[in-house]
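The structure appears right after this line, and notes come after that.
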Amino acid sequence: MSRPFDVTVIEEKWQARWLDDGTYEVDNDDPRERFYALCMYPYPSGAAHQGHVRNYVFGDLVVRYQTMLGKAVLSPYGFDSFGLPAENAAIKAGSHPRLFTEARMHELKTSVRRLGAVYDWRREVYSHDPEYIRWSQTIFLAFLEAGLAYRAEAQVNWCPGCKTVLANEQVLADGTCERSGDLVMRRLLEQWFFKITDYAEELLTSLDDLEWPERVKTMQRNWIGRSEGVEFDLPLTYDPSKALRVFTTRPDTGFGVTYAVVAPEHPMLALLTTDNERLRVEEIVARATSISEIERTSSSSEGVAAEKRGAFTGSYVTNPFTSERVPVYVADYVLGNYGTGAIMAVPGEDERDYEFAKVHGLPVVRTVQPPEGFDGDVYTGDGPHINSGFLDGLNVTEAKAKAAEYLLSHANGVAKVNYRLRDWLVSRQRFWGCPIPVVYCDDDGIVPVPNEQLPVLAPDDVTMDQTGQSPLATHEGFLYTTCPKCGKRARRETDTMDTFTDSSWYYLRFADPFTPDKAFDPAQAAKWMPVNQYIGGIEHAILHLMYARFYLKALNDVGLATGLPREPFQRLFTQGMIRLSGSKMSKSKGNLVTPEAFYGTVGADGLRLFHLFAGPPGDDLDWTDQTLDVIDGCGRFIDRFYRLWNHYDVNFHDVEDESDFAVRQAAHRTIARVTHDFERWSYNTAVAAIMELLNTVSKAARSEHGIAPSTLEESLDIMAKLLAPMTPHITAELWEERHPDQPSVHLLSWPVADPALVAEAEVTMVVQVNGKVKARVLVAPSISDDDATAAALADADIAAALNGATPTRVVARPPRLVNIIL
RNA sequence: GCCCGGAUGGCGGAAUCGGCAGACGCGGAGGCCUCAAAAGCCUUUACUCGAGAGGGUGUGUGGGUUCGAGUCCCACUCCGGGCACCA
């Protein structure tokens with residue numbers, strides 16, 4: 001498309017200007033009201049794609065808009081620069097991940113600048129910066145000292161092909177390794193954990209006060225998975241001094257317990273297993289621990305080898321409700337790391353127990369009377385209890401309370417809250433991450449690396465080969481060191497931290513990136529925290545956002561964030577994904593439409609306007625055949641604005657008259673609309689409002705009657721200001737041409753609508769007869785019910801529609817509507 | 001299976017508090033300008049009956065509440081997402 005101006009020259013001029021002038025640099029002692037706007041820490045995967053563009057267009061609009069509102073806006077940028085893709089690329093190319101990463105960082109930085117997004121680049125941070133590593137390690141050691149970091153054995157994802165542990169995200173939905181395609185195994189390994197479960201309750205309850213999308217909050221609530229129940233003892237029949245401890249949320253179904261189950265990992269399993277049953281039990285345990293998680297969890301749905309999923313242990317326990325003995329089974333459908341790792345099984349009221357009972361021929365007792373007509377096998381709803389002794393007749397809620405009370409006094413029962421949330425496994429057997437700063441000494445055990453020896457950096461002279469093992473584990477210079485306590489030879493930890501640790505505190509370093517002697521000065525960070533507006537993709541709804549919340553709470557508790565809020569992100573906006581013919585647009589799918597394709601035609605401004613206009617920011621965006629036409633339309637709009645600005649085809653009259661008043665009203669009402677739309681994240685309607693205004697002003701200016709110069713100038717200035725956060729380049733350029741004596745449009749105040757012009761002298765009131773619109777009359781906005789009714793009945797069209805009939809009722813809702821009922 | 005979210009013209013979408021359904025844009029149709037084209041500008045565009053004036057229908061389906069429902073309530077269908085043996 002041909003443009004009436006040189007888009008590339010203008011855009012590059014202003015991008016250089018903003019950067020060189022430090023227009024969006026902001027100091028911590030800035031006296032203005034503060035606003036912290038932040039887009040999620042990006043992984044540097046190369047030049048920006050449309051997903052990035054969408055993210056940064058919204059972010060940049062917030063930054064520029066809040067600046068025009070007179071605030072000191074913190075807008076930092078940095079890179080989540082550790083991670084697997086760089087490591088894999090380096091292995092493939094036989095080079096160092098740093099080279100690959102820094103090249104990608106450069107590309108991404110160049111392309112966000114080309115988009116016109118503005119940042120305080122002095123504050124740039126990136127995860128693999130030795131300084132950043134130092135503070136990441138300091139935080140780890142503070143957690144270690146506080147007992148929030150600990151080492152334990154854990155079942156992890158093990159890829160036999162790569163001979164390494166994988167993160168959950170690296171395991172595909174079918175249970176195979178994303179890289180080698182091997183079936184991922186479970187393995188018991190010593191790993192580092194963060195005690196996020198200590199914060200389960202706070203992470204859950206403080207969600208309530210966050211201005212986050214309900215969807216994200218719900219996902220986090222589900223992930224935390226709070227459930228209230230009772231933990232109690234099932235005494236062993238052959239030795240009642242010993243007991244199997246179980247957790248249940250349905251103590252009311254206790255009379256229906258016909259067996260008990262322990263997880264294959266349960267510590268009492270050996271004790272429970274009798275010689276006769278040992279072989280079969282060991283089979284179950286071997287299978288459960290060696291097969292993939294997917295295989296273990298999917299076999300029930302497919303009914304594959306159902307009888308192999310569990311076996312009788314040979315022992316019995318006593319049901320405290322009935323005093324009857326029930327068999328104890330081992331089964332893989334009970335998890336070792338939730339609750340007590342053992343359950344009471346109630347096949348009458350639990351689907352999973354029923355499935356198992358059916359296969360193993362165990363009795364089913366129903367304890368809740370299902371409603372009439374219920375024909376299922378398992379009833380989990382409410383109803384009066386039956387077959388339940390002292391609980392008979394009670395509903396579920398009543399019976400739960402009474403049964404819990406009974407267990408408290410008869411079975412060492414205790415009310416208990418369990419969470420689905422697990423501790424955060426942070427060890428990664430990877431090279432391209434932040435090294436975990438501890439050493440292992442034969443005499444002193446786990447010894448933290450002392451502060452003055454930080455950061456612990458991975459050596460550069462490594463060969464990234466295809467063995468799949470981290471080169472740290474075999475690099476003798478790195479591996480062997482001296483124990484900080486006793487001075488003897490000791491081994492370094494060769495695992496690195498999950499990269500989610502880096503993105504859990506970067507927003508704090510952004511607030512105070514210059515402090516040389518600590519991760520951040522809480523007093524400085526407190527000036528900006530919490531982030532006023534956080535913007536990112538819905539795909540981080542659980543992991544990143546949960547981890548970052550945990551970090552700030554933990555940093556508070558270990559004394560590194562004293563005086564800071566406990567929640568990092570007050571408002572969150574999650575933008576929709578870009579889809580191309582139904583699937584997510586991504587580099588790996590090779591279906592990218594790069595932003596570069598548009599810079600020479602509609603420019604960054606046109607592309608930005610498209611992303612704002614295309615639909616609600618939170619909705620997914622379908623990239624279709626029509627999309628290119630819409631993008632052209634956005635460029636066309638900018639051209640029309642440019643031409644009107646330059647008085648192309650405009651007729652003038654000298655003195656302002658009624659037509660000018662109408663134009664001015666439209667302009668001021670648009671200020672009100674756009675401002676309101678910005679506040680409620682409705683950018684598509686804000687763009688539509690400005691388009692409407694341009695149509696109105698153009699029409700007036702091109703009419704034979706023409707427009708007063710003062711009216712045109714006022715309207716154009718208003719439009720330029722309203723457009724400034726959306727299409728920053730062209731508005732800056734035009735403003736400079738017209739107002740060379742003034743500061744840049746971006747440094748001016750956001751326009752305020754004149755209330756006198758927003759107010760309406762007359763409004764259109766709809767008159768209906770039996771709910772159908774029959775006439776429209778002009779009335780004063782403040783008209784009374786009676787006057788509105790009178791005005792409606794006086795209308796000629798209404799008189800005709802009534803045709804002499806007498807209304808049975810008139811509903812007057814002035815000034816919008818009067819409805820006459822016959 | 002459970003939990004969220006959604007369904008409006010040919011398309012993306014608008015309707016903020018229960019009150020004119022379809023703003024704005026894309027696409028289409030017709031026209032102006034031009035030797036011609038591109039660009040630009042103007043008109044028109046939910047469906048349907050009608051030459052027209054005008055009428056009827058219409059927000060996934062079926063009910064309900066109300067003077068009035070895209071909006072609220074009940075039941076359902078389809079689509080998208082999250083979680084998925086968490087006892």
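In what follows, chains carry the letters A, B, and so on, assigned in the order in which the sequence lines appear, proteins first and then strands, with residues in each chain numbered from 1.
A:Asp252 has no carboxylate O lying under 4.0 Å from a charged side-chain N of A:Lys400, or vice versa, which leaves the two without a salt bridge. A:Asp6 has no carboxylate O lying under 4.0 Å from a charged side-chain N of A:Arg3, or vice versa, which leaves the two without a salt bridge.
Here A:Lys416 lies out of heavy-atom contact (under 4.0 Å) with every strand. Within the 4.0 angstrom heavy-atom criterion, only backbone atoms of the sugar-phosphate kind lie near A:Ser227; the bases stay farther away. Heavy atoms of A:Arg776 sit under 4.0 angstrom from at least one base atom. A:Asp625 comes within contact range of no nucleotide atom at all, as no heavy-atom separation falls under 4.0 Å. No engagement by A:Lys217 is indicated, since no non-hydrogen atom pair under 4.0 Å with the nucleic acid exists.
Summarising the base pairing, B:C17 is matched to no nucleotide, lacking a Watson-Crick or G-U wobble pair whose two defining distances lie under 3.5 Å. For B:C72, the paired nucleotide is B:G64, the pair qualifying as Watson-Crick or G-U wobble because both relevant distances are below 3.5 Å. Nucleotide B:C26 has B:G10 as its partner under the Watson-Crick or G-U criteria, with both atom distances under 3.5 Å.
Here the separation of B:A7 from B:G68, taken at their C1' atoms, is 24 Å to the nearest Å. The separation of B:G28 from B:G22, taken at their P atoms, amounts to 24 Å, rounded to a whole angstrom. Spacing between B:G55 and B:A21 at atom P, rounded to whole Å, works out to 14 Å. On the P atoms, B:G31 is 48 Å away from B:C78, given to the nearest whole Å. When the C1' atom is used for both B:G62 and B:A69, the distance is 16 Å, rounded to whole Å. Comparing the P positions of B:A53 and B:G63 gives an interatomic distance of 34 Å, to the nearest angstrom. Taking atom C1' in both B:A84 and B:C20, the straight-line distance is 48 Å, to the nearest Å. Taking atom P on both nucleotides, B:U71 is separated from B:G64 by 14 Å, rounded to a whole Å.
Between the side chains of A:Arg640 and A:Asn695, at least one donor-acceptor pair of N or O atoms lies under 3.5 Å. A donor and an acceptor atom, one from each side chain of A:Glu539 and A:His544, are nowhere located under 3.5 Å apart.
Shown here are the salt bridge (charged side-chain N to carboxylate O under 4.0 Å, His left out) partners of A:Asp353, two or more places apart in sequence or in another chain: there are none. Partners of A:Arg673 under the salt bridge (charged side-chain N to carboxylate O under 4.0 Å, His left out) rule, at least two apart in sequence or in another chain, are A:Glu692. Taking the side-chain contact (heavy atoms from CB on, under 4.5 Å) definition, one finds that A:Asn222 meets it with A:Thr218, sequence neighbours left out. Every residue two or more places apart in sequence or in another chain that forms a side-chain contact (heavy atoms from CB on, under 4.5 Å) with A:Leu204 is listed here: A:Arg221, A:Ile224, A:Arg226.
By the rule that a glycosidic angle within 90° of 0 means syn, B:G22 does not qualify and counts as anti. Annotated as anti: B:C67, whose glycosidic dihedral deviates from 0 by more than 90°.
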Query - Sugar-phosphate or base contact per nucleotide [nucleotides 12-18 of chain B; S, B, -; heavy atom under 4.0 Å] - result: BSSSB--
Query raised in the report: When every nucleotide of nucleotides 64-72 of chain B is labelled 5' to 3' by its protein contacts under 4.0 Å (heavy atoms), B for base, S for sugar-phosphate only, - for none, what sequence of letters results?
Result: ---B-----
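Aromatic ring orientation, A:Phe356 versus A:Tyr333: tilted (interplanar angle from 30° to 60°).
In this model, the phosphate group of B:C4 is not approached by any side-chain N or O of A:Arg221 to a distance below 4.0 Å at OP1 or OP2.
Annotation: of the two residues near RNA chain B, A:Tyr648 and A:Val766, the 5′-most nearest-nucleotide partner is A:Val766. Annotation: of the two residues near RNA chain B, A:Arg226 and A:Ala689, the 5′-most nearest-nucleotide partner is A:Ala689.
With a 6.0 Å cutoff to the six-membered ring centre and a 45° limit on the axis angle, A:Arg579 does not count as a cation-pi contact of A:Trp623.
Among the candidates A:Val687, A:Val602, A:Ile631, the single residue satisfying the side chain to side chain contact (heavy atoms under 4.5 Å, CB included) test with A:Phe610 is A:Ile631.
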